[in-house]
Every structure is written in C-alpha cells, then in structure tokens.
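Structure first, then comments.
Just so it is clear: chains get the letters A, B, ... in the order the sequence lines come, proteins before strands, and each one is counted from 1.
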2 protein chains.
Amino acid sequence: MVSALERDVRERFRRSGYTLTSQRRAVLEALKDFKGHPSAEEVYLVVKKRNPRVALGTVYQALSVLEEIGLIEAKHWSESPVRYDLNTEPHHDIRCIRCGEVTEIRGVEFEDFAARIRENTPYEVTNASLVIEGVCPNCQSQN
Amino acid sequence: MVSALERDVRERFRRSGYTLTSQRRAVLEALKDFKGHPSAEEVYLVVKKRNPRVALGTVYQALSVLEEIGLIEAKHWSESPVRYDLNTEPHHDIRCIRCGEVTEIRGVEFEDFAARIRENTPYEVTNASLVIEGVCPNCQSQN
DNA sequence: ATCAGTGCAAAGACTTTGCACCACT
DNA sequence: AGTGGTGCAAAGTCTTTGCACTGAT
C-alpha cells in the first residue's frame, strides 16, 4: 500500500516542478528515521551510510528544496546549526540549552494564535513558528 | 533625571557580576538609536562612528553579555545573521523574506500562550519567542 | 541533446577564540 | 599585581556556490 505521506510527497514534487531524485528521497527517509531534529550534517551522515556517494552540499540543497515545498520544517534555535523535522502534525518542540535534547510539547494550541497574527499584520505570513528553549529535567538536577 | 532604563541597566549589571564598560554601554546606545533590528555587524558600524577603536569581536561579546543579563533580545530569523533589539515591552515582529524589513505586530497577546507552554513541559523555560516571516505589502505589490 | 540535479572543492558569511595589552581595583 | 575586559587577527562552524559531470527524459 502506498502511504498517505508517499502520495503527498509525489504530489508536492509534481506541483513544485522539482524532481524527486533518489538523493532527495534519501534525505526524507533519513528524517523519517531520525529521532529528534537532526542538523544537515547529521542527515548527511545517515544518508551516507546507505549511499556513500552523496555529498554534503547535496543534502543542504535537498533540505532546502524539501522545506520550500513544505515537506519538512526548519527550526532555528539559538545555537548555530539549523535543525529539521518532518512536517507532519503541527506540534512544538523545546530544546535544552545545556544538552541539546529536543522534546515535544503537547497540549498547546497554536492555531488560534497564528490566526490572530494573520489578522494583525498586512504581511502575507509564510512562517509563524515558536522557538522554545529551556533546561531539561535531567540537566536541572545536575546543578 | 536618571531614566528607569538607566536604573535597570545598572541594576542588571550589578546583579550579574559583569562590568558596565563604555563599550557595552555604547552597544546599548546603538541599539536604542537604531530603528529596526540590527545585526552584530550593523551595531558595530554605529558604535564605531563614536569610538573607532572598538572591535567587532567586542561587539559580539557585548551583545552576548547584554542578552544573557536580559537587557536585549536576540532574534533568529531564517536568514543567517542574528538580529537584536532592546528588551522593552513584549512585542512581536514580522520580517519580510524578500526585503528584510521588520515590522511590529500589535494586538497579539502572547503571555497566556507562554504560560500554557510552561504548564505543559517539565523543562525550565528560559526562552519562548515567535519567529514570524512573510512578505510585506510593498514586496507583494512587486510581483 | 537537453537540462535539472549531483559531487566535489573552494569560497563565503557569521561567530568565536587566543593572546597580548589595558584599565580598574 | 590581579582580574576582567578589549583589540586584533586567526581559526572555526555552518552554508552556499561554481563547475564539470551525470542521468533521466
């Protein structure tokens, strides 16, 4: 059976005009398998295991295409490298500023809030996301 | 008369243990004067006009100290350089992905939302902020 | 044959670091 | 004289770019 995600992937590539290449698919697979929010470098390492010929530059390019067509989301936390995740259910993540662990936050509804933003600006909003950082329970106890 | 901000500045430096040097003050002044959200480089250019001997590295260091003690806020939009603003009234900014213009969004209340976040995670939240991007009216009309 | 996509290396942008010097205790 | 801060340059990290090559229409 072809999954809904699979159909969505093909559909988005078709509409965008970009080609669904094996490298781009591999990046998507790597993101699917990766627990947490890998950086481009981390995605690259996973992808390279299966196909050692892929270049880091290609992974960057693939991530940028996948983000552009809405299949993945880029997270800009305050430490440097951009991290990515599959754009499935809307959800929010918090990242520990000590150890870097990323955890999902449940029970917080963002959509009404995003709607309010759209009502209150003449901009055409393309991205409204949360950056949440803190200290995880584990690191708190190590004080 | 010594302004409230001025008192706050001294107080925060005192509590933090950092020294309120002329360079750090100059960075703060530059941020006060700058309309919009300057990058470290832009702050540096302003500061250098008054004191040509300051180094870019010092500006980076000063910004990092000022952020740490809560006097300024760092904004991580999706294009690369971090941009800063004075941490005065809570407010939200949207940045045009075409021209880079930053505009304040009014009429959106974040505090209840932030409280919900705190309730729904075991992390000690140190930073919860919004990244909002879009296309400004001016750039929309240039399509 | 064409043309988007790729691999590779080199360049680029932004930021941090190391270290000698400085200024204030 | 000791300690945190500074100026400067060099190094570092993350990302993009140029270009020749490849692979699918």
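Residues forming a side chain to side chain donor-acceptor pair (under 3.5 Å) with A/Y84 (at least two apart in sequence, or on another chain): none. Judged as a side-chain contact (heavy atoms from CB on, under 4.5 Å), and not counting sequence neighbours, A/K49 has no contacts. With sequence neighbours excluded, the residues that form a salt bridge (charged side-chain N to carboxylate O under 4.0 Å, His left out) with B/R15 are B/E11. Residues that satisfy the salt bridge (charged side-chain N to carboxylate O under 4.0 Å, His left out) test with A/R24, not counting sequence neighbours, are absent from this structure. Under the side chain to side chain donor-acceptor pair (under 3.5 Å) criterion, A/D8 pairs with A/R12, sequence neighbours left out.
One interatomic measurement links the two molecules: CD of B/E67 to P of C/dT15, which rounds to 12 Å at whole-angstrom precision.
Considering only side-chain N and O atoms, B/Y60 lies nowhere under 4.0 angstrom from the phosphate OP1 or OP2 of C/dT16.
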Going 5' to 3' through nucleotides 3-13 of chain C and flagging B where a protein heavy-atom sits under 4.0 Å of the base, S where only the sugar-phosphate is that close, and - otherwise, we get -SSSBS-----

- Query: Hey, mind stepping through B/T58 and B/V27 against side chain to side chain contact (heavy atoms under 4.5 Å, CB included) and telling me if it holds?
  - Reply: CA-CA 10 Å; B/T58 303; B/V27 166; over 6 Å; no

Does B/W77 form a side chain to side chain contact (heavy atoms under 4.5 Å, CB included) with B/V102? I'd like the steps, not just the answer. CA-CA 11 Å; B/W77 277 293; B/V102 175; 4.0 Å; yes

Give me, pair by pair, the N or O atoms of the protein and of nucleotides 21-25 of chain C that are less than 3.5 Å apart, along with how far apart they are.
none

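Here the straight-line distance linking atom CD1 of B/I105 with atom OG1 of A/T121 works out to 4.5 Å at 0.5 Å rounding.
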N/O donor to acceptor pairs below 3.5 angstrom from side-chain atoms of residues 33-48 of chain A, sequence neighbours left out:
unit_1 : atom_1 : unit_2 : atom_2 : d
A/D33  : OD2    : A/R50  : NH2    : 2.6
A/H37  : NE2    : A/D85  : OD2    : 3.0
A/H37  : NE2    : A/D93  : OD2    : 2.9
A/S39  : OG     : A/E42  : N      : 3.3
A/E42  : OE1    : A/S39  : N      : 2.8
A/E42  : OE1    : A/R83  : NH2    : 2.9
A/E42  : OE2    : A/R83  : NH2    : 3.4

Indicate every side-chain donor-acceptor pair of residues 127-137 of chain B with a distance under 3.5 Å to a residue at least two apart or in another chain.
unit_1 : atom_1 : unit_2 : atom_2 : d
B/N127 : ND2    : A/E133 : OE1    : 2.9
B/E133 : OE1    : A/N127 : ND2    : 2.8
B/E133 : OE1    : B/S78  : OG     : 3.4
B/E133 : OE2    : B/S78  : N      : 2.9
B/E133 : OE2    : B/S78  : OG     : 2.8

Side-chain atoms of residues 108-119 of chain A: list all donor-acceptor pairs with protein atoms under 3.5 Å, sequence neighbours left out, distances to 0.1 Å.
unit_1 : atom_1 : unit_2 : atom_2 : d
A/E109 : OE2    : A/E111 : N      : 3.3
A/R116 : NH2    : B/G107 : O      : 3.2
A/R118 : NH1    : A/V125 : O      : 3.3

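Using a 4.0 Å cut-off on heavy atoms, none of the residues of residues 27-50 of chain A approach DNA chain D.
The overall bend of the helix from C/dA1-D/dT25 to C/dT25-D/dA1, read as the angle between its terminal helix axes built from five base pairs each, is 10° when rounded to 10 degrees.
Side-chain contact, B/Q140 with A/Y123: no donor N or O sits under 3.5 Å from an acceptor N or O.
The backbone N or O of A/T21 lies less than 3.5 Å from no partner atom in the side chain of A/T19, so there is not a single donor-acceptor pair.
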